[in-house]
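Indexing begins at 1, ligand by ligand and atom by atom, following the structure's order. The basis for the numbers below is simple: all heavy atoms, side chains too, and nothing from hydrogens, waters or symmetry mates. Not measured: the values here are computed from a predicted model.
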Amino acid sequence: MPGLRAMRSLLLFLLLCGVSFAEEAKQDHDLANLVHQDCGSCHGLTLKGGLGPDLRPDSISHYDADTLSEVILDGIPGTAMPPWRPIMSEAEARWIAHYLLEGPK
Ligand code: HEC
């Protein structure tokens with residue numbers, strides 16, 4: 001019965017969409033955690049500064065998202081700000097750059 005087959009593919013499709021949507025949400029959550037835990041260990045849990053400077057939107061508004069991603073990926077040589085390229089993708093660094101510029105929700 002073709003109708004049933006179509007219905008099954010549709011269900012499978014919806015299921016897969018749901019799964020990838022959940023994956024994405026989880027990834028955002030993980031990255032936000034990384035920002036507050038790992039970056040926070042130097043920049044302060046609320047990012048208002050510690051060993052490293054304040055990373056709240058007002059303090060970093062002179063950066064655009066591209067420059068900010070590069071700072072995150074390559075670090076700031078000669079300072080305690082480490083490069084994160086070994087453990088994160090460019091897409092993840094870009095996500096964090098936007099997250100910092102817009103401020104945690
Ligand atoms: C080991 C400590 C440490 C960790 C961990 C760390 N940073 Fe930094 N970060 C610093 C220091 C120190 C500076 C200031 C460097 C300087 O003197 O210019 C800095 C500078 C920065 C700057 C530039 C700020 C400005 O106003 O110029 C950004 C952006 C930044 N860090 C983002 C991050 C992000 C995002 C993470 C997590 C992925 C992170 N940092 C993790 C120590 C750290």
Side-chain angles (χ1 to χ4, degrees):
M1 224 211 298
L4 193 62
R5 282 248 307 263
M7 186 80 106
R8 275 205 353 231
S9 332
L10 182 66
L11 273 178
L12 187 64
F13 175 73
L14 290 176
L15 187 73
L16 289 176
C17 288
V19 168
S20 64
F21 185 71
E23 274 295 303
E24 209 160 280
K26 179 173 154 291
Q27 202 202 13
D28 283 4
H29 182 75
D30 286 354
L31 280 175
N33 270 345
L34 178 136
V35 170
H36 291 274
Q37 303 293 317
D38 292 348
C39 313
S41 67
C42 287
H43 292 276
L45 274 181
T46 54
L47 308 177
K48 67 178 170 24
L51 169 67
D54 192 331
L55 293 183
R56 288 173 299 178
D58 287 350
S59 314
I60 55 166
S61 56
H62 54 287
Y63 282 112
D64 58 28
D66 284 347
T67 317
L68 205 51
S69 310
E70 277 164 28
V71 169
I72 297 168
L73 287 169
D74 296 326
I76 303 179
T79 77
M81 173 60 189
W84 292 84
R85 201 181 285 282
I87 65 149
M88 72 175 65
S89 68
E90 293 191 5
E92 285 168 333
R94 185 167 295 274
W95 185 95
I96 293 174
H98 283 281
Y99 179 77
L100 292 175
L101 286 170
E102 281 152 32
K105 273 146 215 117

Trainee: Quiz question: by atom type and distance under 3.5 Å, do the side chains of D64 and T67 form a donor-acceptor pair?
Mentor: yes
Trainee: Establish whether L45 and V35 are linked, either directly or via other cluster members, by ILVMFWY side-chain heavy-atom contacts under 4.5 Å.
Mentor: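 No, L45 and V35 fall in different hydrophobic clusters.
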Trainee: I need the nearest protein heavy-atom contact for atom 16 (C) of ligand 1: residue, atom name and distance, please.
Mentor: T79 CG2, 3.6 Å
Trainee: Examine L51 and M81 and state if one hydrophobic cluster contains both, with Ile, Leu, Val, Met, Phe, Trp and Tyr joined whenever side-chain heavy atoms are less than 4.5 Å apart.
Mentor: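 Cluster IDs for L51 and M81 differ.
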Trainee: Tell me, which protein residue and heavy-atom name are nearest atom 27 (O) of ligand 1, and how many Å apart are they?
Mentor: Y63 OH, 2.7 Å
Trainee: Answer yes or no: is there an ion pair linking D54 with R56, defined by an N-O contact shorter than 4.0 Å?
Mentor: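 Salt bridge flag = yes for R56 with D54.
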Trainee: Mind running side-chain contact (heavy atoms from CB on, under 4.5 Å) on D66 and R94 for me, showing each step along the way?
Mentor: CA-CA 7 Å; D66 284 347; R94 185 167 295 274; 2.9 Å; yes
Trainee: Geometry only, no angles: is S41 polar-contacting ligand 1 at N/O separations under 3.5 Å?
Mentor: no
Trainee: Evaluate the side-chain contact (heavy atoms from CB on, under 4.5 Å) criterion for residues L31 and Y99: first the C-alpha distance (whole Å), next the side-chain angles of each, then the deciding distance (0.1 Å), finally the verdict.
Mentor: CA-CA 9 Å; L31 280 175; Y99 179 77; over 6 Å; no
Trainee: Taking 4.0 angstrom as the limit and counting only heavy atoms of L68, give me the atoms of ligand 1 inside it, by number and element.
Mentor: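 Reading through ligand 1 atom by atom, the close ones are 29 (C).
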Trainee: Which protein N, O or S atoms sit under 2.8 Å from atom 8 (Fe) of ligand 1?
Mentor: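 Result, waters dropped: H43 NE2, M81 SD.
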Trainee: Can you tell me how far the OG atom of S89 sits from the CG atom of L73, to the nearest 0.5 Å?
Mentor: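 Answer rounded to 0.5 Å: 8.0 Å.
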Trainee: Show the nearest heavy-atom pair for residues I96 and M88, with the distance to one decimal.
Mentor: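 What the structure gives for the nearest pair is CD1-CE, 3.7 Å.
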Trainee: Output the distance between atom CG (D28) and atom CG (N33), rounded to the nearest 0.5 Å.
Mentor: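 Reported value, rounded in 0.5 Å steps: 11.0 Å.
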Trainee: For D38, take its heavy atoms, then give the atoms of ligand 1 lying under 4.0 Å from any of them.
Mentor: 5 (C)
Trainee: Identify, for atom 41 (C) of ligand 1, the protein heavy atom at the shortest distance, and state residue, atom and that distance.
Mentor: W84 CZ2, 3.4 Å
